[in-house]
Structures are given as C-alpha cells and as structure tokens.
Amino acid sequence: MRRRFTIAVAALAVGALSGVAAYDHAGSRAGGWREIAWPFPRDGWPAGRAFRCDTAMCGDAVEIYVRPKIGFCNCDRGVGDDDEVDRVADLDLISDRFMPREAGRVVRLAEMPGRIRAYNLQMPDGARRAAIGIAVSRRCDLLVAVAQGTSETTEVQRAAMAFLESPELRRWMIAAMDGR
C-alpha cells in the first residue's frame, strides 16, 4: 500500500512539474519572441529588457533591447530630431560603427511621441547588420529601443514594432516610465 502511494505521489509530481514547465516555456516564447539576459555591460542607466525572435517567426533572428532613461530628455520638446535618436538609442552598445540609412520619422509608441530611424551597423567581427533606433518621451523621461538583425531594415523594423506594440510590452513600457 505504501509503495502505491509513493508511486502515485511521484507520478503527480512529475505531471505537475512538466505542466508548469510547458506553461512557462509557452509563455516565454509567445509570438516567437523570448526574453534573454541584458547583454550589455553596466553604464549610467539601469539595464532594460532584451528579447530575441525566432527565425521562423521573424524571417531572421532579430534582437531588441528596451529601457527607460528617467530624467534624460528635453522636457519642453521631447525627442526633437534625428541627432538625438543617434545619441540616445543605445546603438553604440551593439557597435560604435553605425551609419544612418535615411532620415528618421515621427513615431508613437505606448502613447509616447518620438522618432524612429534605420541604421547600418558594422559589427566588431566585420559582419553587417540592420538596426532600428527608437526614442520616445513622456514629460522629462525617455524610453529607448534598438533592434538589430541580419535581414533588411524594413523586416527588422516590422518585427520590432509589432512586438513593441504588443499588449505585454506596452504595459511594461508604461509601468517602467512610471517607475514601477
């Protein structure tokens, strides 16, 4: 009798653990995106959140890095021009050799106005990547995002914007800007 009880408890535990693991795995890979560790060294700002999209979902491996920079924005005009996007969007964390592809444009993200701009990156190993830099503001605070991948800039931008506009990321961005 005791042996049956032990076997039943073990079977329930294995079933429960595999169910929890399956739920956790499914949630962390929603829409092909999964959260990864912040890959950059510490600087003057807190680490943000980093995500990678599966090739099957995005057509290429795309990574995006997002973080708030509280108190780091022109309180009167917000993100005013492309030069500001170049300075604040964290492209230099990926590679200090980045070149704008074209003039940026106005964008709204999580109800915050700002600018988005496309770039070519030359990686330290000589590889070339496409990147998108985004800087949006609310009051005197800034939220930046940079996405990079090996496909065309338009594909990197499409994948990044779709993910950034998802309800989960939108909630997090608003909460991060509120200091929560």
Side-chain angles (χ1 to χ4, degrees), residues 20 23-54 57-58 61-96 98 100 103-119 121 129-149 153-180:
V20 167
Y23 176 78
D24 184 45
H25 183 70
S28 67
R29 298 182 64 85
W33 290 92
R34 63 184 165 88
E35 191 159 3
I36 60 174
W38 185 256
F40 306 114
R42 292 187 58 88
D43 60 6
W45 304 102
R49 293 180 73 184
F51 302 89
R52 180 175 294 134
C53 186
D54 292 338
M57 185 66 176
C58 292
V62 176
E63 291 185 357
I64 189 164
Y65 320 103
V66 187
R67 67 177 170 170
K69 294 183 175 181
I70 304 301
F72 189 67
C73 191
N74 183 317
C75 299
D76 297 325
R77 65 181 188 141
V79 180
D81 56 37
D82 288 341
D83 289 340
E84 190 163 1
V85 178
D86 296 347
R87 282 191 309 275
V88 302
D90 286 343
L91 288 149
D92 59 326
L93 295 178
I94 302 170
S95 172
D96 57 356
F98 59 90
R105 60 184 171 72
V106 173
V107 69
R108 276 190 90 70
L109 188 59
E111 301 303 318
M112 293 178 279
R115 296 191 65 78
I116 184 171
R117 193 170 195 191
Y119 299 87
L121 299 176
R129 297 267 168 81
I132 301 297
I134 303 167
V136 295
S137 65
R138 187 176 70 193
R139 296 185 295 269
C140 300
D141 301 327
L142 190 63
L143 183 103
V144 297
V146 63
Q148 57 102 7
T153 310
T154 54
E155 290 303 309
V156 172
Q157 181 175 327
R158 180 199 55 77
M161 290 303 292
F163 183 61
L164 289 169
E165 291 170 345
S166 70
E168 176 188 353
L169 257 291
R170 180 183 164 81
R171 279 191 301 274
W172 177 80
M173 288 185 287
I174 292 168
M177 293 297 278
D178 288 340
R180 292 184 265 158

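Note: hydrogens, waters and symmetry copies are ignored here, and every other heavy atom, side chains too, is used.
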Could you go step by step and tell me if Trp172 and Val66 meet the side-chain contact (heavy atoms from CB on, under 4.5 Å) rule? CA-CA 10 Å; Trp172 177 80; Val66 187; 3.6 Å; yes
Point-to-point distance, once rounded to the nearest 0.5 Å, from [atom1] of [X] to [atom2] of [Y]:
{"X": "Phe163", "Y": "Trp33", "atom1": "CZ", "atom2": "CH2", "result": "6.0 Å"}
{"X": "Asp90", "Y": "Lys69", "atom1": "CG", "atom2": "NZ", "result": "4.0 Å"}
{"X": "Arg117", "Y": "Ile132", "atom1": "CZ", "atom2": "CD1", "result": "11.0 Å"}
{"X": "Arg34", "Y": "Arg52", "atom1": "CZ", "atom2": "CZ", "result": "5.0 Å"}
{"X": "Ile94", "Y": "Phe40", "atom1": "CD1", "atom2": "CZ", "result": "5.0 Å"}
{"X": "Met173", "Y": "Leu169", "atom1": "CE", "atom2": "CG", "result": "5.5 Å"}

Would you please test Arg138 and Leu143 for side-chain contact (heavy atoms from CB on, under 4.5 Å) and show each step? CA-CA 8 Å; Arg138 187 176 70 193; Leu143 183 103; over 6 Å; no
Do [X] and [Y] come close enough that some side-chain heavy atom pair is under 4.5 Å?
{"X": "Tyr119", "Y": "Val85", "answer": "yes"}
{"X": "Asp86", "Y": "Pro100", "answer": "yes"}
{"X": "Val146", "Y": "Leu93", "answer": "no"}

Carefully, step by step, assess Val136 and Arg108 under the rule side-chain contact (heavy atoms from CB on, under 4.5 Å). CA-CA 7 Å; Val136 295; Arg108 276 190 90 70; over 6 Å; no
Test side-chain contact (heavy atoms from CB on, under 4.5 Å) on Arg105 and Ile116 and set out the steps. CA-CA 6 Å; Arg105 60 184 171 72; Ile116 184 171; 3.7 Å; yes
Would you say that more than 12 heavy atoms from the other residues, nucleotides or ligands in this model lie under 6.0 Å from the CZ of Arg77, or not? yes
More than 12 heavy atoms of other residues, nucleotides or ligands under 6.0 Å from CE of Met57: is that the case? no
Between Arg115 and Asp83, is the closest basic N to carboxylate O distance under 4.0 Å? no
Check the angle between the aromatic planes of Tyr65 and Trp38 and answer parallel, tilted or perpendicular using the 30° and 60° thresholds. perpendicular
